[in-house]
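Indexing begins at 1, ligand by ligand and atom by atom, following the structure's order. Given the structure is predicted, the values throughout are model-derived calculations rather than measurements.
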Amino acid sequence: MNFASDNTSGAHPAILEGLMAANEGHVHSYGDDPITEGVQAKIRDIFEAPKARVYLVATGTAANALSCAVLTQPWGAIFCHRNAHIEEDECGAPEFYTNGSKLVLVDGPDAKMDPDALARTIAHTGRGGIHNVQRGMVSITNSTEAGAVYSPEDVKALTDVARRFHLPVHMDGARFANALVSAGCTPAEMTWKAGVDVLSFGGTKNGCMGVEAVVIFDPKRAWEFELRRKRGGHLFSKHRFLAAQMQAYLADDLWLKTARHANAMARKLSEGIGQIEGAKLIHPTQANAVFAALPRGAHKRANAAGAYYYLWPFDQSLEGPEDELLAARLVCSWATTPEEIDAFLGHLA
Ligand SMILES: Cc1ncc(COP(=O)(O)O)c(C=O)c1O
Ligand SMILES: C[C@@H](O)[C@H](N)C(=O)O
C-alpha cells in the first residue's frame with residue numbers, strides 16, 4: 001500500500017520492453033538517432049503543432065528550470081502559485097538556471113492561480129522601474145500540486161492576463177496526462193490553443209522510468225533551449241534511451257491509459273475516504289491525487305499495517321489525540337490496484 005507519490009511506482013512493463021528493443025546495435029548519440037526523430041514527430045502530431053520543437057530530459061525539474069530559462073531574463077519575475085513545484089520542491093533550480101529570476105507568488109484555491117490575483121501581482125511588479133525585478137513570465141502547473149485540474153478555459157483566463165502584460169507562459173505538465181484525461185480536451189486545446197508557449201510534458205510519474213519532453217511551440221526559442229540543456233548537463237549522450245521510453249509511452253495511447261487508470265484509482269480512493277467517519281477531503285479529486293484529513297487513529301492503523309504515504313505537511317506527528325484530524329496526500333499511479341485501495345480503506349476505517 002504505497003500512496004506516497006507516483007514517483008514511487010516502477011516503470012510500466014511496456015516502457016522496459018521499449019528500452020530493450022532500442023538496445024540493439026549502434027545509433028548516433030546526443031539525440032541524432034531515429035528513435036528521437038520519430039518521437040519528436042509523434043509529439044508534434046499529438047499536439048497538432050508541426051512547427052514545435054521537442055526536447056527530452058530526464059527530470060521534471062530540468063524540464064521546468066530550462067523552460068523558465070528560455071522564457072525570462074535574470075531580472076525577470078516568474079509568476080507562479082505559492083505552492084508551485086518550482087517554488088516549493090526544486091531547490092532553487094529555476095532561479096539557478098535563469099541566473100537569478102525571482103519567483104513571485106500568487107494565490108488561488110487548490111493550487112490554481114486566480115486570474116485576478118495574477119493580474120494584480122503582475123501589475124504591482126516592476127512599478128519602481130530600475131529598482132525592481134521586471135515582469136518576466138508565468139508558470140502554471142497542470143494538474144496542480146493540490147491534485148486539481150485547469151480546464152482549457154481556466155488556462156486561457158491566465159494566459160489572457162499574461163498576454164495583457166506581454167508575458168510568455170510555461171506549463172509544468174509533470175502530470176499533464178492526468179490533467180488532460182480529466183479535462184477531456186485535446187493536447188492542443190490544453191496548451192498552445194489556450195496560449196501556452198512552452199510545456200513540460202511529463203512521462204516519469206505516469207509510467208516511464210525517467211523522461212520528460214519540453215515542447216516549445218515557438219521555434220525561435222529552440223536554439224537557446226538546446227544550448228542551455230547542454231550547458232546545464234541535461235543532454236543525454238545515449239539519448240535513444242530517453243527516446244525509447246517516450247516512444248513506448250506514446251504508442252497505442254499508453255500515456256492516456258495509464259493516466260485514466262491512475263485517476264480512476266484516485267476517484268475510488270476519494271469516494272472510499274468520504275465514507276470514513278470523521279474524514280474529509282481537503283481539495284477536489286480531479287486527477288491522481290487525494291488530499292484528505294483523517295483522524296490520527298486512522299493514520300496509525302494504516303501505518304501499522306504497512307501503508308506508506310506522506311502526511312501533508314509531512315512534519316505532522318502521529319503522537320497525540322486519536323480523533324485529531326491530520327491531513328495527508330495520497331497519490332495513485334498506473335500501478336495502483338483496486339485491491340490495494342480496498343485494503344488501505346479497510347485499515348483506515
Ligand atoms: C508538479 C511537479 N512538477 C515537477 C516535478 C519535478 O519532477 P522531478 O522530481 O522528476 O524533478 C514534480 C515531481 O514529482 C512535480 O510533482
Ligand atoms: C518532491 C515531491 O513533491 C515530488 N515532486 C512528488 O510529487 O512526489
Margin query: Is the distance from the ring center of Y55 to that of F225 below 6.0 Å?
Written below: yes
Next item on the list: Indicate yes or no: does D218 engage K220 in a salt bridge with an N to O separation below 4.0 Å.
Entry: yes
Checklist line | Beyond-backbone contact of I122 with F79, side-chain heavy atoms, under 4.5 angstrom | finding: yes
Notebook entry, point to check: Looking only at protein heavy atoms, which one is nearest to atom 9 (O) of ligand 1, and how far off is it?
Noted result: K205 NZ, 3.9 Å
Next item on the list: Show which atoms of ligand 1 fall inside a sub-4.0 Å distance from at least one heavy-atom site of N64.
Entry: 3 (N), 4 (C)
Note to self: Are H261 and W334, when compared by the centres of their aromatic rings, separated by less than 6.0 Å?
What the structure shows: no
Margin query: Starting from atom 10 (O) of ligand 1, what is the nearest protein heavy atom, named by residue and atom, and what distance separates them?
Written below: G60 N, 3.0 Å
Notebook entry, point to check: Is D89 touching ligand 1 with its side chain, its backbone, both, or neither, if touching means heavy atoms under 4.0 Å apart?
Noted result: neither
List, pair by pair, the atoms of ligand 2 and of the protein that are both N or O and lie under 3.5 Å apart, giving the separation rounded to 0.1 Å.
from: ligand 2; atom 1: 3 (O); to: D89; atom 2: OD2; distance (Å): 3.4
from: ligand 2; atom 1: 5 (N); to: H85; atom 2: NE2; distance (Å): 2.7
from: ligand 2; atom 1: 7 (O); to: R175; atom 2: NH2; distance (Å): 3.0
from: ligand 2; atom 1: 7 (O); to: R329; atom 2: NH1; distance (Å): 3.0
from: ligand 2; atom 1: 8 (O); to: S5; atom 2: OG; distance (Å): 2.7
from: ligand 2; atom 1: 8 (O); to: N7; atom 2: ND2; distance (Å): 3.4
from: ligand 2; atom 1: 8 (O); to: R329; atom 2: NH2; distance (Å): 2.8

Next item on the list: Look only at interatomic distance and state if A174 has a nitrogen or oxygen under 3.5 Å from any nitrogen or oxygen of ligand 1.
Entry: no
Checklist line | Salt bridge present between K238 and D33 (N-O < 4.0 angstrom) | finding: no
Next item on the list: Give a yes or no answer on whether the side chain of Q245 reaches the backbone of L242 with a donor-acceptor pair at less than 3.5 Å.
Entry: no
Item checked: Closest approach of any protein heavy atom to atom 12 (C) of ligand 1, naming residue and atom -> H85 NE2, 3.2 Å
Next item on the list: Report the part of T61 (side chain from C-beta onward, or backbone N, CA, C, O) that has a heavy atom under 4.0 Å from ligand 1; answer both or neither where that applies.
Entry: both
Note to self: With heavy-atom distances below 4.5 Å as the criterion, would you say the side chains of H81 and S139 are in contact?
What the structure shows: no
Next item on the list: Determine the sole option in E145, E88, K112 for which the side-chain hydrogen bond (donor to acceptor under 3.5 Å, both in side chains) test with N83 is passed.
Entry: E88
Next item on the list: Answer yes or no: is there a side-chain heavy-atom contact under 4.5 Å between R120 and V106?
Entry: no
Next item on the list: Establish, yes or no, whether a centroid distance under 6.0 Å links the rings of Y30 and F236.
Entry: no
Next item on the list: Find out whether E212 and F201 are in side-chain contact, i.e. whether some heavy atom of one side chain is under 4.5 Å from a heavy atom of the other.
Entry: no
Item checked: Which atom of I276 lies closest to which atom of L345, heavy atoms considered -> CD1-CD2, 4.2 Å
Check: Atoms of ligand 1 less than 4.0 Å from T59 heavy atoms?
Finding: 10 (O), 11 (O)
Note to self: If I apply the N/O under 3.5 Å rule, does E90 come out as touching ligand 1?
What the structure shows: no
Next item on the list: Looking only at protein heavy atoms, identify the closest one to atom 16 (O) of ligand 1 and say how far it is in Å.
Entry: R175 NH1, 2.7 Å
Checklist line | Numbered atoms and elements of ligand 1 in range of D172, under 4.0 angstrom, heavy atoms | finding: 1 (C), 2 (C), 3 (N), 4 (C)
Item checked: Any N or O of E145 closer than 3.5 Å to N or O of ligand 1 -> no
Next item on the list: Check whether any N or O atom of T141, backbone or side chain, sits under 3.5 Å from an N or O atom of ligand 1, and answer yes or no.
Entry: no
Checklist line | Side chains of L158 and V169 in contact at under 4.5 Å (non-hydrogen atoms) | finding: no
Notebook entry, point to check: Within less than 4.0 angstrom of ligand 1, does T204 place any heavy atom?
Noted result: no
Notebook entry, point to check: So is there a nitrogen or oxygen of S143 less than 3.5 Å from a nitrogen or oxygen in ligand 1?
Noted result: no
